[in-house]
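Here the structure comes first, spelled out in structure tokens, and everything after it is commentary.
Hydrogens, waters and symmetry mates are skipped; everything else that's a heavy atom, side chains included, is used.
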Amino acid sequence: MKIKVINQSRHPLPEYQTSLSAGLDLRANLEAPVSLKPLQRVLIPTGLFLELPEGFEAQIRPRSGLAYKHGITVLNSPGTIDADYRGEVKVLLVNLSEEEFIVQDGERVAQMIVARHETIRWEETVELSETERGAGGYGSTGKH
């Protein structure tokens with residue numbers, strides 16, 4: 001699949017880190033390092049602008065290494081970039097650790113996965129089909 005992209009950053013286009021990776025690593029495009037204090041959130045620019053095809057979205061997800069090593073994650077995970085959005089891709093990071101974290105220019109801050117999605121039409125009804133689970137909610141299929 002080809003995706004049109006404008007790269008206004010100082011960095012190369014996002015790449016897959018291995019041949020079987022699902023996500024492309026997004027890099028911070030910063031004029032100066034950004035301090036992220038505990039429980040603080042900040043929008044990190046990437047300098048990328050996308051044109052996704054109809055029926056697709058880009059999902060912005062945390063990087064496991066940043067989450068595990070530093071407590072840094074994507075707050076609205078996964079963030080969604082819709083096919084009609086033409087603004088800059090930005091990543092909403094939050095620091096869930098007890099220590100300040102400094103985001104450096106060029107740092108890999110998130111992953112992006114492009115995925116197909118369906119557009120639904122509602123079909124109103126007065127009853128739903130029966131299933132083994134039924135209306136069982138949180139924890140209803142686990143051990144008792």
Side-chain angles (χ1 to χ4, degrees), residues 1-31 34-99 101 103-144:
M1 163 185 289
K2 289 188 178 180
I3 303 284
K4 289 184 180 180
V5 60
I6 296 172
N7 184 1
Q8 292 184 353
S9 78
R10 293 173 292 287
H11 311 292
L13 288 173
E15 297 178 313
Y16 296 102
Q17 294 301 303
T18 68
S19 63
L20 298 179
S21 293
L24 299 143
D25 285 342
L26 296 178
R27 295 183 182 275
N29 187 50
L30 304 171
E31 296 297 323
V34 171
S35 168
L36 194 53
K37 294 182 176 29
L39 299 180
Q40 185 180 11
R41 59 192 179 273
V42 66
L43 268 176
I44 300 293
T46 66
L48 300 174
F49 300 76
L50 308 177
E51 183 177 320
L52 297 167
E54 183 178 340
F56 287 84
E57 66 165 328
Q59 299 173 0
I60 307 303
R61 300 179 180 187
R63 288 196 58 241
S64 58
L66 280 181
Y68 177 68
K69 295 174 185 173
H70 304 286
I72 305 301
T73 191
V74 176
L75 187 57
N76 60 327
S77 182
T80 295
I81 299 171
D82 294 308
D84 58 353
Y85 177 67
R86 294 295 183 267
E88 182 178 10
V89 174
K90 295 183 181 180
V91 178
L92 181 55
L93 291 182
V94 64
N95 183 351
L96 299 178
S97 79
E98 297 176 358
E99 297 178 12
F101 181 79
V103 182
Q104 302 288 343
D105 180 51
E107 186 160 2
R108 295 179 297 148
V109 293
Q111 295 183 75
M112 181 178 75
I113 294 176
V114 175
R116 182 181 303 274
H117 69 82
E118 297 294 329
T119 300
I120 69 160
R121 291 187 324 269
W122 293 110
E123 179 183 336
E124 289 194 62
T125 186
V126 293
E127 73 178 21
L128 303 175
S129 64
E130 294 293 326
T131 66
E132 183 179 334
R133 181 177 184 176
Y138 295 96
S140 65
T141 61
K143 297 179 180 178
H144 298 283

Side-chain donor or acceptor of Asp105 paired with backbone N/O of Leu30 under 3.5 Å: yes
Rounded distance (nearest 0.5 Å) linking atom CD of Glu98 with atom NZ of Lys37: 15.5 Å
Spacing of CG belonging to Leu50 relative to CD belonging to Glu88, to within rounding of 0.5 Å: 10.5 Å
Atom pair NZ/CD1 of Lys90 and Ile44 - distance to nearest 0.5 Å: 10.0 Å
List, one per line, each side-chain donor-acceptor pair under 3.5 Å for residues 56-74, sequence neighbours excluded.
from: Glu57; atom 1: OE1; to: Thr80; atom 2: OG1; distance (Å): 3.1
from: Glu57; atom 1: OE2; to: Gln59; atom 2: NE2; distance (Å): 2.9
from: Gln59; atom 1: OE1; to: Arg61; atom 2: NE; distance (Å): 3.2
from: Gln59; atom 1: OE1; to: Arg61; atom 2: NH2; distance (Å): 2.3
from: Arg63; atom 1: NH1; to: Arg108; atom 2: O; distance (Å): 3.1

Least distance between heavy atoms, Ile113 atom then Gly23 atom: CG1-CA, 3.6 Å
Sequence-distant partners of Arg133, side chain to side chain contact (heavy atoms under 4.5 Å, CB included), two or more places apart: Thr131, Ser140, Thr141
Side-chain heavy atoms of Leu93 within contact of Asn95, under 4.5 Å: no
Minimum heavy-atom distance between Gln111 and Asp25, given as atom pair plus value: CG-OD1, 3.7 Å
For Val103 against Glu107, the heavy-atom pair lying closest together: CA-OE1, 3.7 Å
Check: Val89 main-chain N/O paired with Thr46 side-chain donor or acceptor under 3.5 Å: yes
Heavy-atom neighbours of Arg116 CZ exceed 12 at 6.0 Å: no
Ion pair check, Arg10 and Glu31, cut-off under 4.0 Å: yes
With sequence neighbours excluded, residues passing side chain to side chain contact (heavy atoms under 4.5 Å, CB included) with Asn7: Ser9, Leu13, Leu48
Heavy-atom donor-acceptor pair, Arg41 side chain to Val94 backbone, under 3.5 Å: no
Shortest non-hydrogen contact from Ser21 toward Thr18: OG-OG1, 2.7 Å
For the student: nearest non-hydrogen atoms of Phe49 and Arg86, plus distance: CD2-O, 3.5 Å
